[in-house]
**Q** 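Pasting a structure here, questions to come.
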2 protein chains.
Amino acid sequence: MGTPFEDMAEIDRLVHEPSRLAITSALSSCESADFLFLQRITGLSKGNLSSHLSKLEKGGIVAISKNASGPPRTTIRLTPAGREVVAEHWERLTRLRDAARDWTASQE
Amino acid sequence: MGTPFEDMAEIDRLVHEPSRLAITSALSSCESADFLFLQRITGLSKGNLSSHLSKLEKGGIVAISKNASGPPRTTIRLTPAGREVVAEHWERLTRLRDAARDWTASQE
DNA sequence: TCCCTAAGGTTTGTGTTGCAAACCAGACTT
DNA sequence: AAGTCTGGTTTGCAACACAAACCTTAGGGA
């Protein structure tokens with residue numbers, strides 16, 4: 001029920017935001033990645049990356065682990081739930097795009 | 001140059017926002033649509049729809065025309081430039097998703 | 001003619017974001 | 001001791017999304 005257009009209202013803005021879309025996409029192709037690696041491939045500043053990761057963590061999308069002793073080093077991975085949310089998000093986008101392509105019905 | 005992840009930084013937030021993604025998608029499948037029609041299929045409130053349309057208009061994505069006399073009636077269509085921006089946006093998203101799928105290189 | 005209502009928008013107010021820039025702090029190196 | 005690398009937090013601000021209040025024109029009834 002509801003057009004794919006209405007469906008967009010339910011989109012998950014947590015994942016949809018461009019920087020976070022980049023982060024989750026990068027993570028979805030690997031088991032885990034560390035902070036500096038994510039920073040390099042996304043081009044984000046560390047402050048920015050840090051706050052995006054905090055939001056993703058709070059939302060249960062990623063898990064963050066730091067090694068307590070030794071040099072600071074942070075490892076990030078998608079949680080199983082996060083992996084699902086990300087997949088669902090892409091499916092929603094795909095549905096919308098396909099609907100836009102195929103949809104020529106009752107306009108008035 | 002630059003990974004598709006970095007590429008996301010250049011995403012057009014004007015189009016990327018969920019409601020506007022729905023609006024532009026709906027418009028891309030038809031020549032033009034009127035205000036009430038867009039409101040029905042997107043499920044947006046009129047106030048909200050109005051402000052989204054204003055932003056899209058200011059950004060050159062859509063053209064808005066109103067019939068001066070008679071009952072109020074507003075017609076919206078994608079501009080040629082807007083059609084291009086929207087297409088480019090979807091291509092960028094597709095590139096990102098495909099990259100996430102295919103990309104298993106050098107994760108140190 | 002004068003209200004009344006409804007359609008179709010626009011404006012305003014408010015809380016939330018995203019971002020840059022500044023600051024902080026532990027561990028190694030020299 | 002000084003410097004650098006790592007991984008952050010905090011602060012300040014401008015832009016945004018949304019809801020709710022407001023405005024305007026058209027037509028209907030008395």
Side-chain angles (χ1 to χ4, degrees), chain A residues 5-24 26-27 32-59 61-77 107-108, chain B residues 5-24 26-27 32-77 89 107-108:
Chain A
F5 306 104
E6 289 179 73
D7 198 32
M8 284 304 283
E10 280 165 48
I11 211 168
D12 190 342
R13 285 162 196 280
L14 181 62
V15 175
H16 190 62
E17 197 279 331
S19 301
R20 292 192 293 259
L21 211 48
I23 293 169
T24 55
L27 286 175
S32 72
D34 65 28
F35 189 93
L36 286 187
F37 175 68
L38 282 179
Q39 199 191 338
R40 271 201 304 282
I41 66 165
T42 60
L44 291 166
S45 70
K46 56 191 171 141
N48 233 314
L49 177 56
S50 175
S51 72
H52 281 307
L53 288 179
S54 296
K55 278 168 194 172
L56 288 171
E57 186 184 28
K58 197 179 302 186
I61 307 293
V62 306
I64 302 179
S65 53
K66 318 175 189 199
N67 63 342
S69 65
R73 185 195 184 89
T74 298
T75 304
I76 300 102
R77 77 192 63 218
Q107 275 85 306
E108 148 28 338
Chain B
F5 306 104
E6 288 179 73
D7 197 34
M8 284 305 283
E10 278 164 51
I11 211 167
D12 190 343
R13 285 162 194 279
L14 182 61
V15 175
H16 190 62
E17 197 279 331
S19 300
R20 293 192 292 261
L21 210 49
I23 294 169
T24 56
L27 286 175
S32 71
D34 64 28
F35 189 93
L36 284 187
F37 175 70
L38 283 179
Q39 199 191 338
R40 271 200 303 282
I41 66 163
T42 60
L44 291 166
S45 71
K46 54 193 173 145
N48 233 317
L49 177 56
S50 175
S51 71
H52 282 307
L53 289 178
S54 296
K55 279 167 195 174
L56 288 171
E57 185 185 30
K58 195 177 302 182
I61 308 291
V62 306
I64 302 179
S65 53
K66 320 174 189 201
N67 63 341
S69 66
R73 186 195 182 92
T74 298
T75 303
I76 300 102
R77 79 192 62 216
H89 181 258
Q107 273 90 300
E108 142 46 337

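Please read these numbers as outputs of a predicted model, since none were measured by experiment. Here is how names work: the chains are called A, B, and so on, in the same order as the sequence lines, proteins then strands, and each is numbered from 1.
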**Q** Which part of the nucleic acid, if any, lies within contact of S54(B), taking any heavy atom under 4.0 Å across all strands shown: a base, the sugar-phosphate backbone alone, or nothing?
**A**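 Touches nothing.
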**Q** Take atom CD of Q39(B) and atom P of dA19(D), then tell me their distance rounded to the nearest Å.
**A**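 It works out to 12 Å between those atoms.
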**Q** Would you kindly give the CG-to-P distance between L38(A) and dG8(D), to the nearest whole Å?
**A**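 Interatomic distance, CG of L38(A) to P of dG8(D): 11 Å.
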**Q** Counting only side-chain N and O atoms of S19(B), is one of them less than 4.0 Å from OP1 or OP2 of dC18(D)?
**A**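 For S19(B), the contact criterion (side-chain N or O under 4.0 Å from OP1 or OP2 of dC18(D)) is met.
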**Q** Rounded to the nearest 0.5 Å, how far does CG of N48(A) lie from CG of L53(A)?
**A**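 Reported to 0.5 Å precision, the distance equals 10.0 Å.
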**Q** Rounded to the nearest Å, what distance is computed from the CG atom of residue L56(B) to the C1' atom of nucleotide dT10(C)?
**A**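 My rounded result for the distance is 16 Å.
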**Q** Verify, without hydrogens or angle tests, whether N67(A) (side chain) and P71(A) (backbone) share a donor-acceptor contact under 3.5 angstrom.
**A**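 Answer holds: yes.
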**Q** Just verifying a value: how many Å separate T42(B) OG1 and L21(B) CG, rounded to the nearest 0.5 Å?
**A**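 So the gap between those two atoms works out to 12.5 Å.
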**Q** Could you state the CG-P distance from L36(B) to dT10(C), rounded to the nearest angstrom?
**A**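 Between P of dT10(C) and CG of L36(B): 12 Å.
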**Q** S50(B) side chain to K46(B) main-chain N or O, any donor-acceptor pair under 3.5 Å?
**A**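 Side chain of S50(B) to backbone of K46(B), a donor-acceptor pair under 3.5 Å: no, none is there.
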**Q** Looking at every strand, decide which applies to E17(B) at a 4.0 Å heavy-atom threshold: base, sugar-phosphate, or nothing.
**A**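 Sugar-phosphate only.
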**Q** Taking the side chain as every heavy atom from C-beta outward, state whether E17(B) and H52(B) have any pair of such atoms under 4.5 Å apart.
**A**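 They are in side-chain contact.
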**Q** Take atom NZ of K66(B) and atom C1' of dA7(C), then tell me their distance rounded to the nearest Å.
**A**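 Going from K66(B) (NZ) to dA7(C) (C1'), I get 15 Å.
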**Q** Do T75(A) and I64(A) have side chains that get closer than 4.5 Å, going by heavy atoms?
**A**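 No. Closest side-chain heavy atoms not under 4.5 Å.
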**Q** Quick check on contacts: within residues 45-53 of chain A, what sits under 4.0 Å from DNA chain C by heavy-atom distance?
**A**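 The answer is N48(A), H52(A).
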**Q** Write down the distance between CD1 (I64(B)) and P (dG8(C)), rounded to a whole number of angstrom.
**A**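 Answer to the nearest Å: 16 Å.
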**Q** Take I76(B) and I23(B), measure what side chain to side chain contact (heavy atoms under 4.5 Å, CB included) needs, and give me the verdict at the end.
**A** CA-CA 10 Å; I76(B) 300 102; I23(B) 294 169; 5.8 Å; no
**Q** Tell me whether R20(A) contacts the main-chain N or O of L14(A) through its side chain, where contact means a donor paired with an acceptor under 3.5 Å.
**A**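 At least one qualifying donor-acceptor pair exists.
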**Q** Find the runs of at least 3 consecutive base pairs, i with j, i+1 with j-1 and so on, that include DNA chain D, using Watson-Crick or G-U wobble geometry with both distances under 3.5 Å.
**A**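 DNA chain D stems, ordered by first number: C:1-30 with D:1-30.
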**Q** For H89(B), enumerate each residue passing the ring pair (Phe, Tyr, Trp, His ring centres under 6.0 Å) test, keeping only those at least two apart in sequence or located in another chain.
**A**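 Once residues adjacent in sequence are excluded, the partners of H89(B) under the ring pair (Phe, Tyr, Trp, His ring centres under 6.0 Å) criterion are H16(B).
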**Q** For I76(A) and dT6(D), what is the distance between atoms CD1 and P respectively, to the nearest whole Å?
**A**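 Result: 14 Å.
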**Q** Pick the nucleotide of DNA chain C nearest each of R13(B) and P72(A); which residue has the one closer to the 5' end?
**A**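 Looking at DNA chain C, the more 5' nearest nucleotide goes with R13(B).
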**Q** Figure out the CD1/C1' separation between I11(B) and dG18(C), and round it to whole Å.
**A**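 Rounded to whole Å, this separation is 14 Å.
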**Q** Whether K55(A) contacts dT17(C) is assessed here as follows: a side-chain N or O lying under 4.0 Å from the phosphate OP1 or OP2. Is that the case?
**A**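 Checking dT17(C) against K55(A), no side-chain N or O comes under 4.0 Å of OP1 or OP2.
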